[in-house]
Amino acid sequence: MRSIFWESCSVKLIDQTKLPEKLEVVECRGVDQLIDAIKKLSIRGAPALEAAGAYGVALSAFEKEFSNVEEMKRYLIEKAEKLKNARPTAVNLSVGVKRVLDSALKGRSVDEIRKIALTEAEKVAEEDVKRNKMIGKIGAELLEDDDVILTYCNTGKLATVDWGTALGIVRSAVEVGKKIKVFACETRPLNQGSRLTCWELMQDGIDVTLIADNMVGTVMKKKMVKKVIVGADRIVRDAVFNKIGTYTIAIVAKEHKIPFYVAAPTTTFDWDKCSDEVVVEERDPNELIYCGEKVLAPKNVKVYNPAFDATPLSYVTAIVTELGIVWPPYELNVPNILKNK
Ligand code: MRU
């Protein structure tokens, strides 16, 4: 099953807040419901958000009746703005929204706009799956038999429409017969690693070992890890934005001379920007104070809870994209690969 799909005038998605306990599909009949699902991370991961943004614009075209095209276009623009701002860091969300909105606004009747929006949104979803398969195929070349990969957060089927980016590389390597083991960091505070990565890999019978985030140094020092592969939410001229904690892993990997790879589609690049221009989402303090119902800290404690960090490109061994592997110097090689987009 795909993480997100269109069915009978609604957007359906696997509710990732329920995993690994329950595999539940949520039906969003309106774009505001989809925006809530994005905000609470029922759907998450940069490429999955690109599809969510795309389907969201289509949903806003179908969710109500319009008396004329102008009214419809105004409505689409207003909802697209809300969708884009649901989460600010992963550039893919606004890429998906913009692509479908720009196409839809070319329509000349309500029906034509609906048709264009849905066709374009389905294309965004299909292209994501194709890109991930390419990232997997290309990235699998970097992996050897008996490799042990450390990964962070969740970059698999759930974080994309299907297959995955960093986990897609692992999947593709296993598919061609390589023996690969994975260390999944739990990824506090929302545990995308323990809840989602472990669940996905175990579903596919891929060897996974869960570690707490603070065990990374130890497994690297003990030479238990051969390579790191992580995903990305936005790649700018000087850094890779990804789940908070990625930067720490990159530093420890460099110290231990372990290759640190990033896997991402070219839609994750925002090469005209530098890291100080990117908004890092800050999330609810309760994500750190509570674990479900359980209170983990004094309720009135001061909390700092950024969702992402920026790893300078100097820590990145290579970036695997659907168009090929990009090696340093990135200032030269990234523009070269993006030309072929
Ligand atoms: O807050 P999340 O769970 O949306 O964060 C996701 C990540 O940081 C992923 O590593 C990134 O989006 C790449 S997913 C292929």
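Below, all heavy atoms of this structure are taken into account, side chains as well, without hydrogens, waters or symmetry copies. All ligand and atom numbering here is 1-based and tracks the order in the structure. This is a predicted model, so every value here is computed, not measured.
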Visitor: In this structure, which one of Lys181, Lys179, Lys227 forms a side chain to side chain donor-acceptor pair (under 3.5 Å) with Asp147?
Guide: Lys227
Visitor: With atoms numbered from 1 as shown, which atoms in ligand 1 lie under 4.0 angstrom from a non-hydrogen atom of Pro47?
Guide: 14 (S), 15 (C)
Visitor: Ring pair (Phe, Tyr, Trp, His ring centres under 6.0 Å), that's the test. Do Phe62 and Trp6 meet it? Break it down for me.
Guide: CA-CA 12 Å; Phe62 279 84; Trp6 180 270; 5.2 Å; yes
Visitor: Within the supplied structure, the quantity of interest is the number of heavy atoms (other residues, nucleotides, ligands) at a distance under 6.0 Å from Glu277 CD; does it exceed 12?
Guide: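 More than 12 within 6.0 Å, yes.
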Visitor: Look at the side chain of Asn305 and the backbone N and O of Glu282, then say whether any donor-acceptor pair between them is shorter than 3.5 Å.
Guide: no
Visitor: Using 4.0 Å as the upper bound for N to carboxylate O, is an ion pair formed by Lys226 and Asp146?
Guide: no
Visitor: If the plane angle is over 60° it's perpendicular, under 30° parallel, otherwise tilted; pick one for Trp327 and Tyr261.
Guide: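 Geometry flag for Tyr261 against Trp327: perpendicular rings.
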Visitor: Is any side-chain heavy atom of Trp163 closer than 4.5 Å to a side-chain heavy atom of Met134?
Guide: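 No, side chains not in contact.
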Visitor: Checking contacts here: is it the side chain or the backbone of Thr165 that comes within 4.0 Å of ligand 1, counting heavy atoms only? Could be both or neither.
Guide: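 Side chain only.
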Visitor: What is the nearest protein non-hydrogen atom to atom 4 (O) of ligand 1, stated with its residue, atom name and distance?
Guide: Arg87 NH1, 2.8 Å
Visitor: Which residue owns the protein heavy atom closest to atom 8 (O) of ligand 1, what's the atom, and how far is it?
Guide: Asp233 OD1, 2.8 Å
Visitor: May I ask you to identify, for Cys153, whether its side chain, its backbone, both or neither come under 4.0 Å of ligand 1 on a heavy-atom basis?
Guide: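 Answer for Cys153: side chain.
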Visitor: Got an N/O contact under 3.5 Å between Ala46 and ligand 1?
Guide: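 Checking ligand 1 against Ala46, an N or O pair does fall under 3.5 Å apart.
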Visitor: Using a heavy-atom cut-off of under 4.0 Å, does the side chain or the backbone of Gln192 touch ligand 1, or both, or neither?
Guide: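 Just the side chain.
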Visitor: Counting heavy atoms only, which of Ala232, Ala166, Ala307, Ala159 comes nearest to atom 13 (C) of ligand 1?
Guide: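 Answer by nearest heavy atom: Ala232.
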Visitor: Table please: side-chain donor-acceptor pairs of residues 93-100 below 3.5 Å, with sequence neighbours left out.
Guide:
{"unit_1": "Ser94", "atom_1": "OG", "unit_2": "Val91", "atom_2": "O", "d": "3.0"}
{"unit_1": "Lys98", "atom_1": "NZ", "unit_2": "Asp102", "atom_2": "OD2", "d": "2.6"}
{"unit_1": "Arg99", "atom_1": "NE", "unit_2": "Glu120", "atom_2": "OE2", "d": "2.8"}
{"unit_1": "Arg99", "atom_1": "NH1", "unit_2": "Glu127", "atom_2": "OE1", "d": "2.8"}
{"unit_1": "Arg99", "atom_1": "NH2", "unit_2": "Glu120", "atom_2": "OE2", "d": "3.2"}
{"unit_1": "Arg99", "atom_1": "NH2", "unit_2": "Glu127", "atom_2": "OE2", "d": "3.0"}

Visitor: What protein heavy atom sits nearest atom 5 (O) of ligand 1, and how far off is it?
Guide: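 Result: Lys243 CE, 3.3 Å.
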Visitor: Do the non-hydrogen side-chain atoms of Leu142 and Ile169 ever get within less than 4.5 Å of each other?
Guide: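 No - every pair of side-chain heavy atoms lies 4.5 Å or more apart.
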Visitor: Is any N or O atom of Arg44, backbone or side chain, closer than 3.5 Å to an N or O atom of ligand 1?
Guide: yes
Visitor: Taking NZ in Lys178 as the centre, count heavy atoms belonging to other residues, nucleotides or ligands within less than 6.0 Å. Is the count above 12?
Guide: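 Enclosed.
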Visitor: Mind checking whether Thr155 has an N or O less than 3.5 Å away from an N or O of ligand 1?
Guide: no
Visitor: Given that the side chain starts at C-beta and the backbone is N, CA, C, O, which of these parts of Asn154 lies under 4.0 Å from ligand 1, counting heavy atoms, or is it both or neither?
Guide: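 The answer is the backbone.
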Visitor: Relative to ligand 1, is Tyr152 under 4.0 angstrom through side chain, backbone, both or neither, heavy atoms considered?
Guide: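 Under 4.0 Å from ligand 1, Tyr152 contributes no heavy atoms.
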Visitor: Can you find an N/O atom of Thr160 closer than 3.5 Å to an N/O atom of ligand 1?
Guide: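 Between Thr160 and ligand 1 (N or O atoms, distance only) the closest approach is not under 3.5 Å.
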Visitor: With heavy atoms of Asn242 as the reference, note each atom of ligand 1 found under 4.0 Å away.
Guide: 7 (C), 8 (O), 9 (C), 10 (O), 11 (C)
